[in-house]
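Have a look at the structure below before the remarks.
On a predicted model such as this, the values are computed, not experimentally measured, just so you know. Quick note: numbers below take in every heavy atom, side chains included, and nothing from hydrogens, waters or symmetry partners.
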Amino acid sequence: MSNQKREPIVRIVHLSKSYGNIKALSNINLEIYSGEILAIFGDNGAGKSTLIKILAGALNADQGTIVVGDKIYSSLSPSKAIRLGISTVYQDLALVDCLDVASNIFLGREPAYAGFFVDKNKMESESRRVLQGLELNIPNLNSPVGLLSGGQRQGVAVARSIFQGGKVIIFDEPTAAMGLQESAKVIKLLQKLREEGMAVVVISHNLHHVFEISDRICVMRHGQIAAICETKNILPNQIVELIMGATNIEAYAAAGV
C-alpha cells in the first residue's frame, strides 16, 4: 500500500522523552494513515509503550509535536486525544467486569431521558448497531463483560472506542495471553477496522501476527526508529537483525531488498 499521494491522519514530529538520564524516545518521526495497519515492533525497552502513551495523552513529550489534521499540538491529554479521534485499547482493556456490554460501551456517556433516567433501550440498540458493524457476535448485551471470552472483550473495548469517535485506534498487545482461536478473532477484527477506513496501530511482540496483518512495520530499538518499511518488502529475519542492531535499513536498500 503506497502512502505517497495520501495525507497522514496523524504525524509525529521530532518527538523525544527522557526519564532522568534515560532516553526513552529520541527524535521520533512517524506518519499514521487511514485504511492501514501499522505495526510497531521492538524488544522490551525499545520505547513502544512510551510512544503510545504520549499519543494517548497519558504522558507528555519533552520535545516534538503531534500533528492531527492541520492542528499542531505539543502535548495531549487523554480527553483531548479522544476528542481528536485517537483511542487506545490497552492490554488490560479498561473494562468494568461487573457491568454489562452496553454499559461498558457507553461508560461515562450514558444517554438520559426525562432529565435523569438512563435510557437503557437506546444504549442497547446503539451498542448492537456498532457491534454488528464490526461483525461481532455477542448475543446477550446484558451479560457482564467479565463473563465474555477474550476476543469478545476486545471487541467491546473497540466498540467503545468507535462510539467515542475513534479514527485512530491503538492496540497494546491485542493478542497477548490468547489462544489460537481467540487470536484469530482479534486479527479478523483488526482487519475489519482497516476495511472500514480506520487507522490501526498495533504494538506487538508477536512477529508472526505482525506479518499477517500489517501494511507497514515501524521497528524500534533503544528509543529510536531503526526502520519503517512496507511489510511486503521485508522478511522476518531482517526485522530481528534490525532489532539486534546487526544491520540497518540502508544496508537492505543498498542490497535491493
Side-chain angles (χ1 to χ4, degrees), residues 9-10 32 34 49-61 66 68-69 71 73-177 185-186 189-190 192-193 196-203:
I9 190 169
V10 173
I32 300 172
S34 299
S49 294
T50 300
L51 177 58
I52 66 166
K53 286 178 181 177
I54 291 173
L55 274 176
L59 287 176
N60 290 333
I66 299 168
V68 185
K71 303 292 185 181
Y73 302 91
S74 59
S75 65
L76 299 176
S77 65
S79 59
K80 183 181 288 185
I82 289 172
R83 286 198 303 271
L84 293 172
I86 302 172
S87 295
T88 304
V89 180
Y90 291 104
Q91 194 169 335
D92 63 6
L93 302 181
L95 298 174
V96 182
D97 287 348
C98 62
L99 294 181
D100 61 31
V101 173
S103 296
N104 270 277
I105 291 174
F106 276 82
L107 196 63
R109 297 187 174 206
E110 295 83 356
Y113 66 92
F116 52 88
F117 294 105
V118 174
D119 192 341
K120 289 288 291 183
N121 290 333
K122 183 176 182 179
M123 288 171 58
E124 289 187 20
S125 62
E126 285 294 303
S127 296
R128 195 167 298 282
R129 179 185 61 80
V130 174
L131 292 169
Q132 287 175 345
L134 293 170
E135 298 181 359
L136 292 168
N137 181 28
I138 304 179
N140 185 6
L141 299 189
N142 294 315
S143 296
V145 296
L147 300 180
L148 301 180
S149 68
Q152 289 174 323
R153 286 167 56 82
Q154 191 82 240
V156 172
V158 171
R160 182 174 62 194
S161 295
I162 292 174
F163 178 75
Q164 291 173 340
K167 299 175 183 176
V168 179
I169 303 185
I170 304 167
F171 291 86
D172 182 17
E173 299 286 353
T175 59
K185 291 177 182 177
V186 172
L189 174 60
L190 300 182
K192 176 67 175 175
L193 293 173
E196 295 294 325
M198 299 281 186
V200 181
V201 180
V202 178
I203 313 299

What's the spacing between Leu59 CG and Ser75 OG if we round to 0.5 Å? 11.0 Å
Output for pair (Leu95 CG, Ser103 OG), nearest 0.5 Å, gives 12.0 Å
Compare every heavy atom of Ser127 with every heavy atom of Met123, then report the nearest pair and how far apart it is. O-OG, 2.7 Å
To the nearest 0.5 Å, what is the distance between CG (Leu190) and CE (Met198)? 12.0 Å
Which of Val101, Asn104, Asn140 passes side chain to side chain contact (heavy atoms under 4.5 Å, CB included) with Leu148? It is Val101
Taking atom CD1 of Ile170 and atom CG of Leu51, what is their separation to the nearest 0.5 Å? 8.0 Å
Below 4.5 Å, heavy atoms only, C-beta onward: do Asp97 and Arg153 meet side chain to side chain? yes
Can you name the nearest heavy-atom pair linking Ala81 to Leu55, along with the distance? CB-O, 3.7 Å
Pick out which of Ile52, Val201, Thr88, Val200 makes a side chain to side chain contact (heavy atoms under 4.5 Å, CB included) with Phe171. Val200
Check whether any side-chain heavy atom of Leu84 sits under 4.5 Å from a side-chain heavy atom of Tyr73, and report yes or no. yes
Do the non-hydrogen side-chain atoms of Gln154 and Pro174 ever get within less than 4.5 Å of each other? yes
For residues Ser87 and Gln164, report the shortest heavy-atom separation together with the two atoms involved. OG-OE1, 4.2 Å
Student check: side-chain heavy atoms of Leu193 and Leu134 closer than 4.5 Å: yes
So which atom in Gly151 and which in Val186 form the shortest heavy-atom distance, rounded to 0.1 Å? CA-CG2, 4.1 Å
dist Leu141:CG -> Lys120:NZ (nearest 0.5 Å) comes out at 9.5 Å
CG/Leu189 to CD1/Ile169 distance, rounded to the nearest 0.5 angstrom? 8.5 Å
Any donor-acceptor N/O pair, Asp172 side chain to Ser49 backbone, under 3.5 Å: no
When every non-hydrogen atom of Ser125 is compared with those of Lys122, the smallest separation belongs to OG-O, 3.0 Å
Could you tell me if the side chain of Val156 sits less than 4.5 Å from the side chain of Ile105, heavy atoms only? yes
Answer whether the closest heavy-atom distance between the side chains of Ile66 and Val10 falls below 4.5 Å. yes
Which pair of non-hydrogen atoms, one from Pro78 and one from Gly57, has the smallest distance, and what is that distance? CD-O, 3.1 Å
What pairs of residues pass the salt bridge (Lys or Arg N to Asp or Glu O under 4.0 Å) test when at least one of them lies in residues 124-144, not counting sequence neighbours? Glu126-Arg129, Glu135-Lys192
